[in-house]
Amino acid sequence: MTTTQLETPSAFAQPDAPRAAAHPLEAQLEVPPARRVVADSLYVLSGFPLAVASFVVCLTAFTAGISLAVVWIGVPLLVLALVQSHRFAARERARAAAVLGFEVPAPVHRTGRLMAVIADPQAWRELAHAVLRFIPNTIAVSFVATWWAGMLGGVTFALWSWSLPDDDLPELLGLSDTYAASIVFYLVAGLLFALTLPAVVRAAARFEARFALLFLGR
């Protein structure tokens with residue numbers, strides 16, 4: 001049994017990851033703020049289907065493998081869960097590197113027969129990330145979607161406010177109940193969302209990427 005990364009089996013072969021900047025600050029300065037907001041938003045929102053897919057695929061194979069392990073049919077299913085979680089992990093390392101500004105180094109995996117793969121602690125960390133990643137992603141998606149909806153809805157309120165049957169929010173806040181007051185209120189709210197959008201989106205993306213780093217880094 002070896003522990004060299006160069007001799008890992010094909011199931012755990014390390015894919016080539018894109019080269020990232022050597023320092024997080026340098027990477028952030030190279031990207032324009034508007035592009036950074038879009039990139040961070042796409043990272044968080046695109047992570048949702050990946051989180052659902054990894055949860056369903058890996059958890060299904062894992063639970064089936066555990067339940068059938070007593071008759072040894074479950075052992076290949078456990079290995080399948082670990083191999084699939086490794087593939088999700090390799091992709092997430094590349095995605096997280098673009099957010100963090102530095103490369104997330106791939107850890108060394110154990111090699112050998114099926115039981116060696118099952119006994120690999122890093123493989124189980126990747127499986128844990130595949131199953132649990134929906135938790136930080138759901139939190140991040142909630143903030144990103146709310147801020148984008150608040151900004152776009154507020155600044156365009158005058159274009160679609162006619163479709164609302166009644167709007168009592170400004171009046172409940174002690175403001176005028178006139179149509180003009182509603183437009184000003186939602187415009188100001190939309191601008192506040194717009195001003196805070198970069199910071200909120202950045203924090204959400206880094207929160208999810210740091211969670212990935214905790215499980216997938218060396």
Side-chain angles (χ1 to χ4, degrees), residues 15-21 24-62 81 84-106 125-157 159-161 163-164 186-217:
D16 293 334
R19 296 182 62 85
L25 183 58
E26 294 177 4
Q28 295 176 25
L29 292 176
E30 292 176 358
V31 181
R35 185 178 298 180
R36 170 55 62 192
V37 171
V38 174
D40 288 342
S41 300
L42 290 177
Y43 169 76
V44 172
L45 298 177
S46 64
F48 182 75
L50 291 174
V52 173
S54 65
F55 178 85
V56 173
V57 172
C58 297
L59 186 61
T60 301
F62 171 73
Q84 292 299 324
S85 64
H86 172 71
R87 292 174 179 173
F88 282 111
R91 182 168 185 177
E92 187 58 28
R93 287 188 189 96
R95 282 166 32 86
V99 173
L100 298 173
F102 55 83
E103 184 179 358
V104 180
R125 289 177 62 193
E126 292 176 348
L127 179 61
H129 177 263
V131 174
L132 299 176
R133 63 182 293 180
F134 78 93
I135 298 176
N137 177 257
T138 300
I139 297 173
V141 166
S142 300
F143 278 95
V144 171
T146 299
W147 252 254
W148 273 105
M151 180 192 70
L152 297 176
V155 298
T156 62
F157 179 77
L159 301 178
W160 54 270
S161 59
S163 63
L164 297 177
Y186 286 107
L187 178 60
V188 172
L191 292 177
L192 289 176
F193 275 108
L195 289 175
T196 54
L197 179 67
V200 171
V201 170
R202 185 64 181 157
R206 288 185 62 85
F207 169 67
E208 185 174 353
R210 286 289 180 182
F211 182 86
L213 183 65
L214 179 65
F215 284 87
L216 307 181

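Sequential numbering from 1 along the given sequence is applied to the chain's residues.
- Partners of Thr156 according to the side chain to side chain donor-acceptor pair (under 3.5 Å) rule, which considers only residues two or more places apart in sequence or in another chain, are Trp160.
- How far CZ of Phe143 is from OG1 of Thr196: 11.5 Å, rounded to the nearest 0.5 Å.
- Leu50 and Arg91 get closest at one heavy-atom pair: CD2-NH1, 3.8 Å.
- Ring geometry, His129 versus Phe215: the interplanar angle falls from 30° to 60°, so the pair is classed tilted.
- Using a 4.5 Å heavy-atom cutoff, the side chains of Leu45 and Val141 are in contact.
- Annotation: side chain of Leu197 is in contact with side chain of Trp148 (closest heavy-atom distance under 4.5 Å).
- In this structure Glu92 satisfies the salt bridge (charged side-chain N to carboxylate O under 4.0 Å, His left out) test together with Arg95, Arg133, sequence neighbours excluded.
- Taken to the nearest 0.5 Å, the CH2 atom of Trp147 stands 10.5 Å off from the CG atom of Leu192.
- Atom CZ of Phe134 sits in a crowded spot, with more than 12 heavy atoms from other residues, nucleotides or ligands closer than 6.0 Å.
- In this structure, Phe211 has its ring center at least 6.0 angstrom away from the ring center of Phe207.
- Contact detail for Leu216 and Glu126: the closest heavy-atom pair is CD2-CG, 3.8 Å.
- Here the straight-line distance linking atom CG of Leu152 with atom CZ of Phe193 works out to 11.0 Å at 0.5 Å rounding.
- Using a 4.5 Å heavy-atom cutoff, the side chains of Leu100 and Arg206 are in contact.
- Nearest heavy atoms, Glu208 versus Ala140: OE1-CB, 4.0 Å.
- Within the 3.5 Å criterion, the main-chain N or O of Val57 finds no donor-acceptor partner in the side chain of Thr60.
- Inter-residue side-chain proximity for Arg35 and Val38 is flagged as unmet; no heavy-atom pair is nearer than 4.5 Å.
- Nearest heavy atom pair, residue Leu127 against residue Cys58, reads CD1-CB, 3.7 Å.
- Rounding to the nearest 0.5 Å gives a distance of 10.0 Å between CG of Leu191 and CE of Met151.
- Scanning all heavy atoms of the two residues, the minimum distance from Arg93 to Pro105 falls at NE-O, 4.1 Å.
- In this structure, Asn137 and Phe48 approach most closely via the heavy-atom pair OD1-CA, 3.1 Å.
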